[in-house]
Amino acid sequence: MKNIIKVFIVGLFCSFSLLLYGCGEEKTITKIEVLEHPTYSYTSGGNINDFALSGGKIKIFYSDDTTETKSFEKEWLGEANYLTGKVKITYMEQEVEATFTQVSYVDTNEKLVATQTSTDKIFIIKTGTYEVEYLRYDNDVILIGEEGVIINITGATSGQAGALFQNNVSMKNIEFNSTHEDILINCVKIGKIETEGDVPLISKAYLENIKIKGGKGLNIMAVSDAVLDNIEVDIVDTTKNVAFAVSAGSNVKLKNSKITHGTWGSIAIFGVNEDSAQTWYKRKSTLEISDTEISSAVYIEYFAVNNSTVSGLTGWAMTELTNNRVYTKNATEE
């Protein structure tokens, strides 16, 4: 009888405790705080909209006054804003804002010139018009323009390029104007320009919302993976060249773009003949075109040597000459 009474009393006590304190109730999260902020990392040449944040920890506070520390996981991260250096962290419906190291800012001609030799890799170019003789990048670089960024190239000479990128590069929201007298200079070139022997491939290039005017337009040379999205290239109509050139083993995807002028054609995949000592120029290049307005012909030079290909010209007529394949729009495509 006494044992029954004891069990009854214990049960009654637990029931009363449950009512008062929620005996056995699961603890809940009351808030989270950033313990360690993440770091911003980015591989030049990749899609400029893919942010890479690594590291970082949060401290979790529970209803029972205990705490826990956890490292950031990818699915917790919201959209990173590279202009403000902030990113929202969401964990179990709790939110907190974390910061990461902001990129370097450019707002003068001098600062733009300094980006060529800076140890930094990521630059935000503030709205405005800039004037430089030329730009040359030997290291990886990422250039992101705010709305209304114009870079006037005023002094590149033969053997140079207006803006030369000799390594991985990502760019967004920039207009390049070649304003110097020598119109036979590439306004923008991605690839090695001073080489002895073989020309090594650059790994990646990514260009989005880029305008290129004047000179010999845009040249992509020896780039293993290039994506060009919303690109406008317009050269001087009397220039004996093409607005956009691909060569030396480049694999390029061109989409949502507009390529204008060029007396030889608007787009070319360049090559060399079989006897040429420039063996690196005989590499196969591929060009995939989609949703792009092209004002005149597209052609492949020395197609039998480099086996280069172009795709996406549905409805265009192809004419095979001795060394070149020439693609022209049919009347129905005009």
Side-chain angles (χ1 to χ4, degrees), residues 42-52 137 140-145 161 163-176 186-192 199-212 216-235 242-260 262 265-271 280-281 283-301 303 306-316 318 325-327 329 333:
Y42 189 82
T43 302
S44 181
N47 187 321
I48 212 158
N49 302 299
D50 292 338
F51 299 97
Y137 296 91
D140 294 358
V141 68
I142 300 164
L143 302 177
I144 304 173
L164 172 64
F165 301 89
Q166 296 200 112
N167 222 311
N168 301 327
V169 56
S170 295
M171 292 190 288
K172 184 176 181 178
N173 303 337
I174 302 174
E175 179 178 320
F176 292 93
N186 286 120
C187 183
V188 175
K189 181 172 183 176
I190 300 173
K192 304 290 185 180
V199 174
L201 284 171
I202 293 174
S203 294
K204 289 186 176 183
Y206 180 87
L207 278 63
E208 180 182 338
N209 194 25
I210 301 295
K211 293 182 180 180
I212 297 169
K216 293 196 319 185
L218 173 63
N219 186 352
I220 304 288
M221 183 179 116
V223 179
S224 63
D225 184 10
V227 175
L228 312 180
D229 188 0
N230 192 23
I231 307 300
E232 291 187 23
V233 185
D234 187 358
I235 65 174
V242 294
F244 174 43
V246 175
S247 61
S250 295
N251 297 309
V252 180
K253 292 181 173 64
L254 175 68
K255 56 186 180 179
N256 307 315
S257 297
K258 182 178 181 179
I259 311 298
T260 308
S266 291
I267 299 176
I269 300 179
F270 285 139
W280 48 271
Y281 229 124
R283 296 175 182 151
K284 178 179 179 178
S285 292
T286 61
L287 174 61
E288 298 179 23
I289 302 173
S290 60
D291 300 318
T292 293
E293 180 180 340
I294 306 168
S295 68
S296 60
V298 176
Y299 71 94
I300 303 174
E301 190 177 55
F303 65 91
N306 55 38
N307 295 309
S308 295
T309 61
V310 60
S311 60
L313 298 177
T314 304
W316 289 48
M318 190 272 285
R325 278 186 177 143
V326 181
Y327 298 81
K329 290 182 285 188
E333 296 293 316

Q) Should M318 and R325 be marked as a side chain to side chain contact (heavy atoms under 4.5 Å, CB included) after you check the CA-CA gap, both sets of side-chain angles, and the distance that decides it? A) CA-CA 7 Å; M318 190 272 285; R325 278 186 177 143; 4.0 Å; yes
Donor-acceptor pair, [X] side chain versus [Y] backbone, under 3.5 Å?
| X | Y | value |
| --- | --- | --- |
| K284 | S308 | no |
| S224 | I202 | yes |
| S250 | A248 | no |
| N168 | K204 | yes |
| T314 | G312 | no |

Q: Before accepting this row, confirm whether a basic side-chain N of the pair E232/K258 lies closer than 4.0 Å to the acidic partner's carboxylate O.
A: no
Nearest 0.5 Å please: distance from the [atom1] atom of [X] over to the [atom2] atom of [Y].
| X | Y | atom1 | atom2 | value |
| --- | --- | --- | --- | --- |
| I212 | F244 | CD1 | CZ | 8.5 Å |
| I220 | I190 | CD1 | CD1 | 3.5 Å |
| L143 | I174 | CG | CD1 | 5.0 Å |
| C187 | K216 | SG | NZ | 12.0 Å |
| S247 | I269 | OG | CD1 | 9.5 Å |
| N186 | L164 | CG | CG | 9.0 Å |

If you define the side chain from C-beta out and look only at heavy atoms, does anything of [X] sit under 4.5 Å from [Y]?
| X | Y | answer |
| --- | --- | --- |
| N167 | V141 | no |
| D229 | L207 | no |
| I267 | L287 | yes |
| N219 | V188 | no |
| V252 | L228 | yes |
| V246 | F270 | no |
| M221 | V223 | no |
| I294 | Y327 | no |

How close do [X] and [Y] get, counting heavy atoms only, and between which atoms?
| X | Y | value |
| --- | --- | --- |
| W280 | R283 | O-CG, 3.1 Å |
| A161 | K189 | CB-CB, 3.9 Å |
| G265 | S296 | C-OG, 3.5 Å |
| F176 | A163 | CE2-CB, 3.9 Å |

(Q) List the residues meeting ring-ring contact (aromatic ring centres under 6.0 Å, His included) with Y281, not counting sequence neighbours, and say none if there are none. (A) none
Q) Partners of F165 by ring-ring contact (aromatic ring centres under 6.0 Å, His included), sequence neighbours excluded? A) Y137
Q.
I'd like to check the side chain to side chain donor-acceptor pair (under 3.5 Å) partners of E301; sequence neighbours left out, ordered by chain and number.
A. none
For [X], all residues meeting side-chain contact (heavy atoms from CB on, under 4.5 Å), sequence neighbours excluded:
| X | value |
| --- | --- |
| N251 | T286 |
| D291 | N256 |
| D234 | T260, H261 |

Q) Please walk me through it: do S295 and S266 pass side-chain hydrogen bond (donor to acceptor under 3.5 Å, both in side chains)? A) CA-CA 6 Å; S295 68; S266 291; 3.0 Å; yes
